[in-house]
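One structure is given below, encoded as structure tokens.
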Amino acid sequence: MPNETPQLPHFPRQPLFRPRSTTIFRVLLLGAVLAVVSFGGVVLQVYHSPYWNRVGLAPDQPVLFSHRHHAGELRIDCRFCHATVETSAFAGMPTTQTCLNCHSQIFTDTAMLQPVIRSAALHQPLHWQRVTTVPDFVYFDHSIHIAKGVSCTTCHGEIGKMSLTAKGEPLTMRWCIDCHRNPAPRLRAPEQIFSPVTPATRLPPSPVILASLHTQHLTNCSTCHR
Ligand code: HEC
Ligand code: HEC
Ligand code: HEC
Ligand code: HEC
Ligand code: HEC
């Protein structure tokens with residue numbers, strides 16, 4: 001018997017898909033990748049946008065209290081109403097009595113002030129809506145920042161120009177750490193700390209304060225999450 005090698009059947013080499021389909025497939029694949037990437041980008045944009053951080057949004061308040069009038073124009077010191085800002089973690093909020101120091105005499109007959117008068121008469125405190133907050137798992141302390149020369153407007157924006165109080169800065173972790181990496185160039189002299197608007201030129205704090213800075217631990221997780 002002659003040694004017969006079986007002949008393999010001949011298939012013409014044909015691509016699985018026509019070249020045109022391959023091109024279409026590549027274009028679609030590229031499109032899908034771009035869509036995923038850009039969707040991620042949009043999500044990030046929104047997450048870091050003023051809208052998500054609520055920067056510039058003023059909540060409804062029981063009284064249309066204006067920092068522009070009281071702090072910006074009348075130049076009433078922040079500490080008159082936020083009395084514990086230098087000494088404790090909490091800045092403190094004014095009581096109805098604080099308002100009545102002035103408003104038992106002035107503007108008592110305006111409709112805008114009626115909630116204050118009613119609060120005093122009924123001995124019920126005004127319920128101010130919070131504007132600026134960090135979540136409970138974040139530790140924050142006003143007094144150390146004031147002592148080292150961080151001004152109110154650095155973290156709250158130009159309060160003295162706000163008719164209704166809105167969040168002035170994002171207060172995100174990234175934002176806090178941006179300063180904690182190197183605070184010195186952003187610190188100000190004591191006379192600029194309570195300014196209702198940001199002074200055009202920065203007066204640096206004294207060399208004594210600069211020398212007292214402890215920055216090594218400022219970016220440790222446990223500084224803000226304890
Ligand atoms: C040191 C004095 C002083 C204190 C304290 C004070 N106010 Fe006034 N307030 C004024 C004066 C003066 C005006 C008039 C401002 C103007 O129209 O120029 C005013 C105006 C107002 C008005 C009228 C609307 C406006 O802005 O023109 C409201 C409402 C008001 N104050 C609410 C309050 C509340 C609430 C408090 C307490 C958290 C308070 N004020 C504390 C002095 C004070
Ligand atoms: C006459 C009293 C008064 C003075 C002076 C005053 N504030 Fe206020 N502040 C208030 C009242 C009332 C509220 C609550 C209503 C509101 O949010 O507008 C408030 C709210 C705030 C808030 C938002 C707090 C929150 O809910 O998170 C900040 C920030 C603030 N003040 C900063 C300042 C700074 C900075 C100054 C000085 C430049 C200042 N205030 C001066 C009365 C005062
Ligand atoms: C380093 C940033 C920073 C500086 C500086 C700063 N604040 Fe605040 N402030 C915050 C943060 C963050 C909160 C929210 C705290 C929370 O949710 O517990 C806040 C909250 C407040 C509140 C609401 C009450 C409270 O304590 O929670 C007031 C009022 C206030 N700040 C006033 C001031 C005044 C007045 C100054 C200047 C003397 C000032 N802040 C300086 C970051 C700052
Ligand atoms: C503009 C600069 C600046 C910003 C913004 C800032 N900090 Fe600070 N922070 C400082 C400085 C300066 C110190 C003091 C460092 C030292 O001890 O000398 C400090 C100290 C602290 C401390 C340490 C207190 C302690 O007991 O050691 C905490 C907690 C803190 N910051 C939290 C925050 C948080 C949370 C935010 C954002 C909401 C924030 N900081 C935003 C400058 C800043
Ligand atoms: C200077 C203060 C500060 C330091 C330091 C810090 N954080 Fe935060 N962290 C914040 C603030 C403020 C928030 C809340 C606001 C926000 O979500 O951005 C936060 C939120 C978070 C969240 C909640 C998730 C989120 O993004 O909302 C996690 C998780 C977290 N931090 C982990 C860490 C870890 C891990 C470290 C150390 C590498 C660290 N943080 C250091 C201030 C700080």
Side-chain angles (χ1 to χ4, degrees), residues 43-44 46-50 52-55 58-59 61 65 67 70-72 75-95 98-99 125-162 164-199 202 204-226:
V43 168
L44 263 181
V46 172
Y47 183 74
H48 289 296
S49 75
W52 186 262
N53 296 320
R54 302 191 67 82
V55 170
Q61 296 291 0
F65 174 81
H67 278 96
H70 292 88
R75 297 260 151 192
I76 308 174
D77 193 287
C78 312
R79 289 161 289 184
F80 189 83
C81 294
H82 306 296
T84 55
V85 74
E86 283 179 291
T87 51
S88 80
F90 183 62
M93 289 297 282
T95 61
T98 313
C99 311
L126 291 163
H127 291 291
W128 303 109
Q129 297 298 314
R130 291 301 308 261
V131 179
T132 347
T133 47
V134 286
D136 284 344
F137 57 80
V138 178
Y139 174 78
F140 179 77
D141 188 322
H142 273 98
S143 63
I144 180 90
H145 290 94
I146 308 305
K148 298 291 167 110
V150 189
S151 69
C152 311
T153 55
T154 301
C155 298
H156 292 298
E158 299 203 281
I159 287 280
K161 288 182 181 166
M162 297 178 191
L164 292 176
T165 317
K167 194 172 167 185
E169 292 290 337
L171 305 180
T172 53
M173 176 160 134
R174 184 202 265 183
W175 178 87
C176 304
I177 289 179
D178 266 353
C179 180
H180 277 204
R181 284 213 182 90
N182 182 22
R186 301 188 56 193
L187 305 181
R188 290 175 178 269
E191 61 265 37
Q192 291 191 334
I193 293 188
F194 303 97
S195 171
V197 294
T198 308
R202 183 182 71 94
S206 70
V208 178
I209 291 184
L210 289 175
S212 79
L213 279 182
H214 299 288
T215 54
Q216 306 82 1
H217 70 296
L218 279 187
T219 51
N220 292 355
C221 314
S222 59
T223 299
C224 303
H225 306 293
R226 341 187 144 178

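When a ligand or atom number is given, it counts from 1 through the structure's own listing order.
At a heavy-atom distance under 4.0 Å, atoms from both the backbone and the side chain of C152 approach ligand 3. With a heavy-atom cut-off of 4.0 Å, V85 touches ligand 3 through its side chain alone. When non-hydrogen atoms are compared, ligand 5 lies under 4.0 Å from the backbone of T172 as well as from its side chain. Contacts between L213 and ligand 4, counted as non-hydrogen atom pairs separated by less than 4.0 Å, involve both the backbone and the side chain. Residue-level proximity to ligand 3 for V131 is absent, since no heavy atom of it falls below 4.0 angstrom. Contact annotation for P183 and ligand 4: only side-chain heavy atoms (C-beta onward) come within less than 4.0 Å of the ligand. Here H156 has side-chain heavy atoms under 4.0 Å from ligand 3, and that is the only part of it that gets that close. With a 4.0 Å heavy-atom cut-off, ligand 3 is reached by the backbone of S151 but not by any atom from C-beta on. Contacts between D141 and ligand 4 below 4.0 angstrom, taking non-hydrogen atoms only, are absent altogether. Both the backbone and the side chain of Y139 come within contact range of ligand 4, each with a heavy atom under 4.0 Å.
Close to ligand 5: I177, with a non-hydrogen atom less than 4.0 angstrom away. Not a single heavy atom of R188 sits less than 4.0 Å from an atom of ligand 4. Using a 4.0 Å heavy-atom cutoff, T154 is listed among the residues neighbouring ligand 4. Within the 4.0 Å heavy-atom shell around ligand 4 one does not find E169.
Among the atoms of L218, none of the N or O lies under 3.5 angstrom from an N or O of ligand 5.
One option in F140, W128, W175 has a heavy atom closer to atom 42 (C) of ligand 3 than any other, and that option is F140. Of the candidates H145, Q216, H214, it is H145 that places a heavy atom closest to atom 31 (N) of ligand 4. For the residues R130, H142, R79, the heavy atom positioned nearest atom 27 (O) of ligand 3 is part of R130. Nearest residue to atom 33 (C) of ligand 4 from R174, H180, R226, R181 is H180 (criterion: closest heavy atom).
Counting atoms of ligand 5 from 1 in the listed order, those under 4.0 Å from a heavy atom of P135 are 14 (C). Less than 4.0 angstrom separates some heavy atom of I144 from each of these atoms of ligand 4: 14 (C), 17 (O), 24 (C). With ligand atoms numbered from 1 in the order given, ligand 4 contributes 1 (C), 2 (C), 3 (C), 4 (C), 5 (C), 42 (C), 43 (C) to contacts under 4.0 Å with heavy atoms of C179. Set against the non-hydrogen atoms of C224, the atoms of ligand 5 under 4.0 Å away are 1 (C), 2 (C), 3 (C), 4 (C), 5 (C), 42 (C), 43 (C).
A 6.0 Å sphere centred on NZ of K161 holds no more than 12 heavy atoms belonging to other residues, nucleotides or ligands.
Sorting the N, O or S atoms of H225 by how far they are from atom 8 (Fe) of ligand 5 puts NE2 first.
Inclusion of H82 in the first shell of atom 8 (Fe) of ligand 3 is not supported: no N, O or S atom falls under 2.8 Å.
Inter-residue side-chain proximity for P204 and L187 is flagged as unmet; no heavy-atom pair is nearer than 4.5 Å.
Between H145 and F140, the angle of the ring planes stays under 30°, which puts this pair in the parallel group of the 30/60° scheme.
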